[in-house]
Amino acid sequence: MAKMKVGVVGATGMVGQRFLTLLENHPYFEVSALAASARSAGKTYEEAVGDRWKMSTPMPEKYKSMIIIDAAEVEKMAELCSFVFCAVDMKKDEIKALEEKYAKAEIPVVSNNSANRWTPDVPMIIPEINSDHAEVIKYQRARLGTKRGFIAVKPNCSIQSYVPMLTPLRKFGIKEVVATTYQAISGAGKTFREWPEMIDNVIPYIGGEEEKSEQEPLRIWGHIENGVIVKAEAPIITTQCIRVPVTDGHTAAVFVKFENKPSKEEILELWKNFKGKPQELGLPSAPEQFITYFEEDNRPQCNLDRGIYGGMGVTAGRLREDTLYDYKFVGLSHNTLRGAAGGAVLNAELLYKEGYFD
């Protein structure tokens with residue numbers, strides 16, 4: 001079977017680099033075009049990245065000599081690829097306009113950016129949880145006047161450290177959630193070499209993260225109505241988001257209150273058996289076990305557990321009853337794999353298998 005040709009827009013940044021490492025030997029997709037800002041256009045990928053390669057593995061040889069295309073040259077990209085991943089560093093209104101330009105040129109966009117997460121007919125998908133939201137694409141195409149083109153996005157990286165665990169528990173009527181996320185520096189696109197002030201430091205503020213962390217789960221749990229995604233009305237979620245001196249991995253400390261309190265055994269059984277379309281379809285990037293629970297009091301840990309199932313699984317631990325809320329637990333997800341490029345690749349695999357790229 002011939003592989004589908006894909007472009008990476010924003011290929012020189014941290015998430016773009018992660019896309020390339022994930023796609024190097026992908027069974028469905030072959031990278032055929034790399035795009036970045038005008039200042040990188042015309043250079044080889046190796047020249048454009050220079051000493052800014054941030055992955056722990058070396059830059060794949062197959063990309064080094066590829067010539068960077070200006071991301072604004074949509075027509076040129078359209079000649080080279082069937083769809084694109086987008087992870088650009090621009091203002092939100094500029095990103096929104098660029099992604100729509102690609103979609104209107106009949107190039108589907110699987111985006112890592114936040115610009116279109118609240119566009120009413122753009123699906124924001126965690127494939128195990130709300131794969132059915134892809135059905136809104138037909139309404140989006142009608143609005144855009146396209147046959148193939150559309151935009152699909154993945155949610156904020158931090159919510160994937162607790163939303164997977166909460167999702168199967170919604171049957172008990174979740175009333176309130178308090179979550180504090182402890183977020184790695186790679187979430188800011190940084191390494192310790194570039195951000196030495198983060199060593200031995202904690203910063204109790206990440207711009208825009210708390211609003212995303214409180215509202216995006218409600219959109220994930222929403223439904224399609226009259227051609228748009230309508231967010232869920234409950235539960236009430238309040239968060240704090242803190243930057244910590246960790247390379248990769250977002251940890252969440254979560255407190256939950258229910259209308260009908262389940263037993264600990266019921267919760268653990270639901271987590272153990274929770275799976276979705278990626279597991280049913282056997283998608284290449286899908287973790288065999290979506291949620292892995294650790295019985296040890298000192299797990300999950302970023303250093304030990306963020307890479308579970310290639311960084312695409314999520315982990316939980318310390319589930320116990322609370323004095324103010326019904327339960328509390330700790331969650332962990334790899335923010336640049338499950339939370340960013342890996343999550344977008346899994347979205348693309350789902351859309352590919354479901355026929356949205358046809």
Side-chain angles (χ1 to χ4, degrees), residues 1 3-4 6 8 15 18-31 57 82-83 85 87 108-112 123-135 137 152-170 216-217 220-221 248-250 252 268-294 300 304-316 331-358:
M1 181 178 69
K3 293 185 180 182
M4 179 167 277
V6 59
V8 178
V15 176
R18 180 69 79 182
F19 272 125
L20 295 184
T21 62
L22 294 174
L23 296 168
E24 182 181 7
N25 299 300
H26 197 278
Y28 297 171
F29 311 132
E30 181 69 37
V31 176
T57 55
S82 298
F83 78 97
F85 291 107
V109 178
V110 180
S111 179
N112 188 77
M124 181 172 69
I125 298 173
I126 298 177
E128 285 88 349
I129 296 175
N130 64 329
S131 60
D132 60 309
H133 281 198
E135 294 171 16
I137 287 171
V153 301
K154 52 151 287 299
N156 193 44
C157 52
S158 67
I159 75 168
Q160 307 197 47
S161 58
Y162 56 93
V163 166
M165 278 66 88
L166 293 174
T167 298
L169 308 184
R170 295 183 70 227
E216 287 188 16
I220 292 292
W221 293 326
D248 296 300
H250 288 354
L268 293 177
E269 188 68 18
L270 285 168
W271 285 354
K272 180 180 179 181
N273 295 319
F274 187 25
K275 61 182 180 180
K277 271 287 181 70
Q279 288 73 33
E280 294 170 12
L281 295 172
L283 299 179
S285 299
E288 181 181 340
Q289 182 73 32
F290 185 30
I291 300 172
T292 299
Y293 183 79
F294 290 100
L304 299 176
D305 305 313
R306 62 192 170 204
I308 194 166
Y309 295 108
M312 292 300 290
V314 297
T315 54
L332 170 67
S333 63
H334 195 303
N335 56 296
T336 68
L337 288 167
R338 167 56 76 164
V345 171
L346 187 61
N347 272 349
E349 292 169 0
L350 173 72
L351 295 166
Y352 172 78
K353 276 292 189 180
E354 299 277 89
Y356 286 94
F357 293 153
D358 293 347

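Just so we're clear, the structure is a prediction, and the values are computed from it rather than from any experiment.
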Trainee: I need the minimum non-hydrogen distance between A134 and L351, along with the two atoms involved.
Mentor: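 In terms of heavy atoms, the two residues are closest at CB-CD2, 4.0 Å.
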Trainee: Would S333 and R338 count as having a side-chain donor-acceptor pair, cut-off 3.5 Å?
Mentor: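 No pair is found: no donor N or O on one side chain lies under 3.5 Å from an acceptor on the other.
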Trainee: Before you tell me yes or no, could you show the steps for V6 and Y28 under side-chain contact (heavy atoms from CB on, under 4.5 Å), namely the whole-Å CA-CA distance, both residues' side-chain angles and the distance that decides it to 0.1 Å?
Mentor: CA-CA 10 Å; V6 59; Y28 297 171; over 6 Å; no
Trainee: Assess whether a salt bridge exists between K353 and E280, defined as any Lys/Arg side-chain N lying under 4.0 Å from an Asp/Glu carboxylate O.
Mentor: no
Trainee: Looking at K154 and C157, what are the two nearest heavy atoms and their distance?
Mentor: NZ-N, 4.3 Å
Trainee: Any luck finding a side-chain donor-acceptor pair between E349 and H26 under 3.5 Å?
Mentor: yes
Trainee: For A316 versus M165, what's the shortest heavy-atom pair and its separation?
Mentor: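 Here A316 and M165 meet closest at CB-CG, 3.9 Å.
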Trainee: Identify the heavy atoms of N347 and P127 that sit nearest to each other, and give their distance.
Mentor: OD1-CG, 2.9 Å
Trainee: Tell me whether the rings of F357 and F29 are parallel (<30°), tilted (30 to 60°) or perpendicular (>60°).
Mentor: perpendicular
Trainee: I need the Q289 CD to K272 NZ distance, nearest 0.5 Å.
Mentor: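 Reported to 0.5 Å precision, the distance equals 8.0 Å.
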Trainee: Could you state the interatomic distance from NE2 (H133) to CD1 (I220), rounded to the nearest 0.5 Å?
Mentor: 7.5 Å
Trainee: Checking side-chain contact (heavy atoms from CB on, under 4.5 Å) against W271, which of V314, L169, T167 comes through?
Mentor: L169
Trainee: If I compare all heavy atoms of P300 with all of T315, which pair ends up nearest, and what's the gap?
Mentor: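 Scanning both residues, the minimum pair turns out to be CB-OG1, 3.3 Å.
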Trainee: Ignoring hydrogens, what is the shortest heavy-atom contact between A87 and N112? Give both atom names and the distance.
Mentor: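 Minimum heavy-atom contact is CB-CB, 4.1 Å.
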Trainee: Mind running side-chain contact (heavy atoms from CB on, under 4.5 Å) on V163 and W221 for me, showing each step along the way?
Mentor: CA-CA 9 Å; V163 166; W221 293 326; 4.0 Å; yes
